[in-house]
Amino acid sequence: MAVPKHKTSKSRRDKRRSHKRLAAPSFATCPQCRELRLPHRVCPACGHYHGRTVLEVEET
């Protein structure tokens with residue numbers, strides 16, 4: 001089994017891990033109702049996508 005020749009320093013370990021972080025999800029504004037929605041998805045608030053009604057949304 002291969003054994004590391006030198007110990008990985010904290011600095012080298014942290015530099016390697018600096019690229020492994022979570023990215024915040026991006027949101028787009030619905031042009032119909034101005035609610036935030038995921039891009040390329042039907043707006044859950046009004047049911048519109050690309051300028052037309054795709055889903056019937058019940059109002060509470």
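Heavy-atom basis, side chains included; hydrogens, waters and symmetry copies ignored. Numbers here simply count residues along the sequence, with the first being 1.
- Separating the CZ atom in R12 from the NE2 atom in H6 is a distance of 10.0 Å, to the nearest 0.5 Å.
- Annotation: the span from L36 atom CG to S26 atom OG amounts to 11.0 Å, rounded to 0.5 Å.
- In this structure, E56 CD and C46 SG are separated by 11.5 Å, a value rounded to the nearest 0.5 Å.
- Atom NE2 of H48 and atom CG of L55 lie 10.5 Å apart (nearest 0.5 Å).
- With R41 contributing its side chain and P39 its backbone, the two residues share a donor-acceptor pair below 3.5 Å.
- Here the side chains of T29 and R37 are not in contact, with every heavy-atom distance at 4.5 Å or above.
- Between atom NE2 of residue H50 and atom NE2 of residue H40 there is a gap of 9.5 Å, rounded to the nearest 0.5 Å.
- If you take SG on C43 and CD on E35, they are separated by 6.5 Å, rounding to the nearest 0.5 Å.
- Using a 4.5 Å cut-off on side-chain heavy atoms (C-beta onward), S11 and K15 make contact.
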